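Down below is the structure, laid out as structure tokens.
Because the structure is a prediction, the values reported are computed rather than measured. Side-chain atoms are counted along with the backbone in the values below, which use heavy atoms only and exclude waters and symmetry mates. Every chain is numbered from 1 and lettered A, B, ... according to where its sequence line falls, protein lines coming before strand lines.
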Amino acid sequence: MNWLTKPGLTFLAIINFVFIHSSFCQNLDEIVRFSNLQFDKGNFELAANEYNRALFFGYQPQDQLCLKIAKCYLNQNNLEQSAIFFDRAFYSSTSDSIKTEAILGKSFSLILGKDFMYALSELINIDSINSDEQSSRLNFLKGIAYFGLNEDSLAESSFKKCLTELSVKNYFAIENEFIRLRKIDKRYNPKTAWFLSLIIPGAGQLYSGEIKDAINSATLLGGLIYLTVSFAAKYSIVEAMFIILPWFQRYYIGGANKAERLTLEKQKIKRNRHYKTILQQIEASSQRNYINIE
Amino acid sequence: MKTKVLIILLLSSFNLYSQDFYDHTNSYKFGEYLYNSNQFGLAVREFERCVFLKPNDRESFLYLFKIYRKTNAFDQAIASYQHYSGNLYFDQMDIDFGTEYFKLLVENRKYGDAFSFLKSNTSFNDKSDFKFATILLNKNWVEAESFKNIKQVNNSLAAIARQGNALKKKSPVVAGLISAIIPGSGKVYAGRWKDGIISFIMTTTTAFIAYRGYNKNPQNFYPWGMGTLAVIYYSGNIYGSTQAVLKYNKDKEDELVNKTRAYILSDH
Amino acid sequence: MKNILVFLIVIMSNIIIVNKSAAQLSNYVHRVDSLFELPQKTNYAVFAKGNKNEIESTSSVIFVFYKNFISSQDIDACVFTPSCSVYAIECIHHEKNKLIAFMKISDRVMRCHPLVSPGLYKIDLKTGKNFDPIEN
């Protein structure tokens, strides 16, 4: 029993402590590795569960786990929980890169929920950019947020910034799209459509390119005018005024409103089409970039 | 002394070395954390594992039951209880499961079932609040007044019972009758004077136009058309008045029922 | 020889990094692809299905015609969700006693006016109108 001296015991205690600690860490590491695998495979629910477990049992650093959990929820379209965990990642982190990543993630989930104003206010607060990749993502998200808020010129400059130098062709393609985008507002003016329909029923619908609706409106109102006149001739003007005229007035204003609505819809459809082309250009640029270097 | 220290140190090291994050204790703790951070979908997995590892784990079953109640998965809640107890004798449910089951029934508006459940289950004998609440939920205001333990009941529930007894219901028959005499008056009686005025105007105007047209030329189609419309409006006005009164009565009672519901479902 | 090795390493690392960034961005692009898509229009023919007798089929034909050619040109006048015409067609389909169905419809038409007192009906969050289904 000679080795049971004080230094001997201390040594044992230290060994014990280290042993326990390392075994603990190894276990948690394993869990995180497993979760990473599941995350890469796309099993986001399982990954979220295991990341949460590692987080709960004290895995360090926490911020990366929170980021991962948030991404799991984002991929499962659970925007509410993903925003919560991006926030947690932001507040538990001391690294600028991860803080930026958390804000980018949160604003992405906000954009998916169509809250462009909030997303933009988050994006503007980013003060440190750590890689080209982050900066291009930041500009991409800014571009979408501005686009959603109908701020076309700001959207244009943001979208252009997220292209790399190599893609001159995509740069001009995006510029071209925005030039055409600006013409939409002039070509499809809702106020003009409304006014046109007031002068000649159906004209506003024709202006927005909806021939079927134009014929529909014109026939309906023509029919009502005919009914008013025939009623006035058969019975009396008072009867016609009281019975038919309110309906005529209703569909007259309704037709004008419809023309306005159709023009707005047309604007949105056209905008959506240009938006998709812009996205294609950005995607093409990021992929060709890769191919060129290869 | 030293040997003892050594043994303790060694033992503790073994104990911790074999610490497995997927064992029962850790799963349970982790499940609790998930439950408290509202990640119910993930918490279910943990408690299901706890239950698998320890088939008699009452606490985990209770958590499962709570989660299924909060996500309003009625059938799964019942299935998990059946798994726990091996049967479905609701009259033998203990107080914790019983409370959750009771809340589940109330949440799903099965008030009659809630009432008979409390009556059959002996562990709720001294829960006068719940018993009283089921009487209120079933709108038996008179019975609530003569409840034998009324002095032990929470004040807000007793107040609801008093309000229920003081309710002045309106008669749908009266509404229908006065609407037949003066169109729209039944709706005014039900407290919807704007609806009443519109009803009156629409019914009388169509009737007047029909009458005027008929006087001018009875062979025309349009006074007959207008007359038909007037009859439709008139009958709709009588029907609507009775419905408005019925809805008025129902709304007044439902307001009290909802107060009772809120009292039961709040986590106090 | 050494230079070539360094060059190769730089190229390889570039490929790996850029490849990753491309993948991330294209993942983003696919998620936001349909962000500005217009919502699908309601197909009113759905309400006109399952007719059991002449009253129901006639009403369905009138309903579809009205929705497509008349109501589509109207101002947004109805204060309820579902609108009066949808309420009517549902009433005719679901109410066994057609007389009561007609009374319900005419009552609903008379209740549909802009003076509705606030608080009388629940507000439907999607449309911002008074929620009044046929079960009420």
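The distance between the ring centers of F36(C) and F147(A) falls below 6.0 angstrom.
Judged by distance alone, the side chains of T127(C) and D124(C) do bring a donor and an acceptor atom under 3.5 Å apart. Side-chain atoms of R271(A) and Y188(A) include no donor-acceptor pair closer than 3.5 Å. Side-chain contact annotation: E56(C) with N51(C), donor-acceptor N/O pair under 3.5 Å absent.
Between the side chain of S197(A) and the main chain of W194(A), no donor-acceptor pair closer than 3.5 Å is present.
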Assess the residue pair F80(C) and F131(C) against the criterion (ring pair (Phe, Tyr, Trp, His ring centres under 6.0 Å)); give the C-alpha distance rounded to whole Å, side-chain angles, the decisive distance to 0.1 Å, and a yes or no. CA-CA 6 Å; F80(C) 289 112; F131(C) 185 58; over 10 Å; no

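With a 4.5 Å cut-off on non-hydrogen atoms, L141(A) touches chain C through its side chain but not through its backbone. Neither the backbone nor the side chain of D76(C) comes within less than 4.5 Å of any heavy atom of chain A. With a 4.5 Å cut-off on non-hydrogen atoms, Y275(A) touches chain C through its side chain but not through its backbone. Residue L220(A) touches chain C through its side chain alone, counting heavy-atom pairs closer than 4.5 Å. No part of D132(A) comes within reach of chain C, as not one of its non-hydrogen atoms sits under 4.5 angstrom from that chain.
Under the 4.0 Å criterion applied to side-chain N and carboxylate O atoms, E101(A) and R137(A) are assigned as salt-bridge partners. Using a 4.0 Å cut-off between charged side-chain N and carboxylate O, D152(A) and R182(A) make no salt bridge.
Put simply, the side chain of F44(A) does not reach to within 4.5 Å of the side chain of L74(A), judged on heavy atoms.
Using non-hydrogen atoms only and a strict 4.5 Å limit, the part of residues 258-269 of chain A facing chain C consists of K258(A), R261(A), E265(A), K268(A), I269(A).
Ranked by non-hydrogen atom pairs under 4.5 Å with chain A, the options I70(C), I75(C), L35(C), D74(C) are led by D74(C).
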